[in-house]
Student: 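Can you keep this structure in mind? I'll have questions shortly.
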There are 2 protein chains.
Amino acid sequence: MIDVHSMLKMCNLKRTPFRVNLLELFVQTKSSIQTHTIRETFEGRFNKATIYRAIEAFEKNGLIHKVPDINNLLRYALCRENCVNGSHKHTHSHLICNSCRETYCIDQITTPNIPSAIGLKIDYVDLVLNGECFSCQLN
Amino acid sequence: MIDVHSMLKMCNLKRTPFRVNLLELFVQTKSSIQTHTIRETFEGRFNKATIYRAIEAFEKNGLIHKVPDINNLLRYALCRENCVNGSHKHTHSHLICNSCRETYCIDQITTPNIPSAIGLKIDYVDLVLNGECFSCQLN
DNA sequence: TTTAGAAAAACAACTGAGTTGCTTTATTGA
DNA sequence: TCAATAAAGCAACTCAGTTGTTTTTCTAAA
Ligand SMILES: [Mn+2]
Ligand SMILES: [Mn+2]
Ligand SMILES: [Zn+2]
Ligand SMILES: [Zn+2]
């Protein structure tokens, strides 16, 4: 596993204490993170403008990608594919758990191929699954 | 085509001038409508609380369904299937056009079946296509 | 047609996520 | 060590959406 310092460097982002912390938070997190949670995590220590601008930079530079959120709020997950160029052409799907209200990246289920016969120009596809996550099924 | 008065009655919603107008707006609209557009449409004539609460009632009673929006704002489209019970188990997909920024319901492309082998409990699936709509391709 | 009960509309105040402009500070590479 | 530049801090703002309460309108039954 590549360390966060190298990840930041690869993306031409300066290695500041906050960005190191933020990236570590994403690396540790199994599912995805709501901006609200990020703000709580760094409450009082870092300014919210700093937080939003760092998230934006991470997203633009292919470190994290936006995922659907049960409350329509901003939510992100670490990129699993190599998205350094910022293209974000993921093929995994996203599960929104109606129990814990988390969103998980699901590698086992990939996005379907869209038949070109219909004549739509498709850039990328997001398959959103609404149900119950593995963890919540156990409880 | 069923008239809006019957539609409202079927859903146990009172036939008020505003709700008739709002439902007619949805019936006329080919794609889907952002709440912002609805507010503009009824600007000065109806209160925004009225608007949001009517939308909520329409959604709950199976007249309209939420669709993804390019700006993460609330956006709705008329239900094509019979969703009177409010279950909203649609199988069509949604196209977000990166040119006109509209969202279209696409009946031709349906949501994939999720293999039960993985062990996830799935309630419903939304397939979100990002690309260019038919109309914008012509221009 | 009248009327009472219930639903919907209006009003007003509020919440809070996210943005923006600008200044100050920290990082990095030369 | 020292610019150049990116990032952090600060403060004010925007605006979509919510909520509580009062007033009006609709509807169905008498
Ligand atoms: Mn993902
Ligand atoms: Mn639809
Ligand atoms: Zn869960
Ligand atoms: Zn379009």
Side-chain angles (χ1 to χ4, degrees), chain A residues 3-26 32-64 66-76 86 101 103, chain B residues 4-26 32-61 63-64 66-76 86 101 103:
Chain A
D3 66 306
V4 296
H5 291 190
S6 310
M7 289 169 78
L8 288 171
K9 182 151 203 178
M10 208 193 314
C11 294
N12 296 311
L13 296 165
K14 285 187 180 172
R15 174 159 52 90
T16 65
F18 169 62
R19 295 194 171 195
V20 169
N21 286 350
L22 180 61
L23 189 48
E24 274 168 350
L25 180 63
F26 273 107
S32 56
I33 322 180
Q34 231 183 9
T35 46
H36 181 259
T37 308
I38 297 173
R39 289 178 60 175
E40 265 181 354
T41 304
F42 297 106
E43 184 71 52
R45 293 192 286 142
F46 296 97
N47 189 269
K48 64 175 170 174
T50 303
I51 294 174
Y52 283 109
R53 286 198 258 237
I55 291 170
E56 195 185 14
F58 280 18
E59 205 259 344
K60 205 175 102 188
N61 291 284
L63 285 176
I64 60 178
K66 212 176 268 184
V67 303
D69 177 73
I70 199 167
N71 284 125
N72 244 20
L73 298 181
L74 293 181
R75 180 183 276 271
Y76 299 85
R101 308 173 74 83
T103 304
Chain B
V4 295
H5 291 190
S6 310
M7 289 170 78
L8 288 170
K9 183 152 202 177
M10 208 192 316
C11 294
N12 295 311
L13 296 164
K14 283 189 181 172
R15 174 160 52 89
T16 65
F18 169 62
R19 294 193 172 196
V20 170
N21 286 351
L22 180 61
L23 190 47
E24 274 168 350
L25 180 63
F26 273 107
S32 57
I33 322 180
Q34 230 183 11
T35 46
H36 181 259
T37 308
I38 297 173
R39 289 178 61 177
E40 265 182 354
T41 304
F42 297 106
E43 184 70 50
R45 293 190 288 142
F46 295 98
N47 189 270
K48 64 175 170 176
T50 302
I51 295 174
Y52 283 108
R53 286 199 258 238
I55 291 170
E56 195 185 15
F58 280 18
E59 205 259 344
K60 204 175 104 189
N61 291 283
L63 286 176
I64 60 177
K66 212 177 269 187
V67 302
D69 178 74
I70 199 167
N71 285 125
N72 244 22
L73 298 180
L74 293 181
R75 179 184 275 272
Y76 298 86
R101 307 172 75 83
T103 304

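Computation of the quantities below employed the complete heavy-atom set of this structure, encompassing side-chain atoms and omitting hydrogens, waters and symmetry-equivalent molecules. Throughout, a chain's letter reflects where its sequence line sits, starting with A, and its residues are numbered from 1.
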Student: Counting heavy atoms from C-beta on, name the nucleotide in D:dC26, C:dA8, D:dG9 closest to the side chain of B:R19.
Tutor: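 Nearest to the side-chain atoms of B:R19, counting from C-beta on, is C:dA8.
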
Student: Over all strands shown, is A:R53 touching base, sugar-phosphate only, or nothing at heavy-atom distances under 4.0 angstrom?
Tutor: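 Counting heavy atoms under 4.0 Å across all strands, the contact made by A:R53 includes a base.
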
Student: What is the distance, rounded to the nearest whole Å, between atom CG of A:N71 and atom C1' of C:dT15?
Tutor: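 Between C1' of C:dT15 and CG of A:N71: 15 Å.
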
Student: Roughly, in whole Å, what's the span from CG in B:N47 to C1' in D:dT24?
Tutor: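 About 13 Å, once rounded to whole Å.
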
Student: Do A:I70 and A:R75 touch side chain to side chain, with heavy atoms closer than 4.5 Å?
Tutor: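 The answer is no; the side chains never approach within 4.5 Å.
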
Student: Have a look at B:A49 and say if it touches a base, only the backbone sugar-phosphate, or nothing, with a 4.0 Å heavy-atom cut-off.
Tutor: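 If one applies the 4.0 Å heavy-atom cut-off, B:A49 turns out to touch a base.
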
Student: Quick check for you: to the nearest 0.5 Å, what is the distance between A:I51 atom CD1 and A:T35 atom OG1?
Tutor: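 One finds 9.5 Å between CD1 of A:I51 and OG1 of A:T35.
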
Student: Over all strands shown, is A:A54 touching base, sugar-phosphate only, or nothing at heavy-atom distances under 4.0 angstrom?
Tutor: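 Nothing: the residue A:A54, judged by heavy atoms under 4.0 Å, touches no strand.
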
Student: Count the heavy atoms of every other residue, nucleotide or ligand shown that sit under 6.0 Å from CD of A:E56, and state whether that count exceeds 12.
Tutor: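 Atom CD in A:E56 is not crowded, with 12 or fewer foreign heavy atoms closer than 6.0 Å.
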
Student: Output the single nucleotide from D:dT27, D:dC26, D:dG9 whose closest atom is nearest the side chain of B:R15.
Tutor: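 Selected nucleotide: D:dT27.
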
Student: For the pair made of CZ in B:F42 and C1' in C:dA9, what is the distance, rounded to whole Å?
Tutor: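 Rounded to whole Å, this separation is 14 Å.
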
Student: Grab the CD1-P distance between B:I51 and D:dT19 for me, whole Å please.
Tutor: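 About 17 Å, once rounded to whole Å.
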
Student: At under 4.0 Å, does any side-chain N or O of B:Y52 touch on OP1 or OP2 of D:dG17?
Tutor: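 The answer is yes; a side-chain N or O of B:Y52 sits under 4.0 Å from OP1 or OP2.
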
Student: Measure up the A:F46 and A:F18 rings against each other and bin them: parallel (under 30°), tilted (30 to 60°), perpendicular (over 60°).
Tutor: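 Geometry flag for A:F18 against A:F46: tilted rings.
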
Student: Taking the nucleotide of DNA chain C with the nearest heavy atom to each, does B:P17 or A:N72 sit closer to the 5' end?
Tutor: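 Result: B:P17.
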
Student: By nearest atom, which of the nucleotides D:dG17, D:dA8, C:dT19 is closest to the A:T50 side chain?
Tutor: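 Among D:dG17, D:dA8, C:dT19, the one nearest the side chain of A:T50 is D:dA8.
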
Student: Measuring centre to centre across the rings, with the benzene-like ring taken for any Trp, is A:Y76 within less than 6.0 Å of A:F58?
Tutor: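 Ring centroids of A:Y76 and A:F58 are no less than 6.0 Å from each other.
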
Student: Starting at CG of A:L73 and ending at P of D:dC15, how long is that distance when rounded to a whole Å?
Tutor: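 Going from CG in A:L73 over to P in D:dC15 covers 19 Å.
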
Student: OP1 or OP2 of D:dA8 sitting under 4.0 Å from any side-chain N/O of A:T16?
Tutor: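 For A:T16, the contact criterion (side-chain N or O under 4.0 Å from OP1 or OP2 of D:dA8) is met.
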
Student: From CG of A:L13 over to P of D:dT5, roughly how many Å is that when rounded to an integer?
Tutor: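 For the pair A:L13 CG and D:dT5 P, the rounded distance is 17 Å.
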
Student: B:R75 CZ to D:dA16 C1': how many Å, rounded?
Tutor: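 After rounding, the reported distance stands at 15 Å.
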
Student: Between the base of C:dA6 and the side chain of B:K14, is one N or O donor paired with an acceptor at under 3.5 angstrom?
Tutor: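 Such a pair is found, so the answer is yes.
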
Student: From CD of B:E56 over to P of D:dG17, roughly how many Å is that when rounded to an integer?
Tutor: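 Atom-to-atom, B:E56 to D:dG17, this comes out as 12 Å.
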
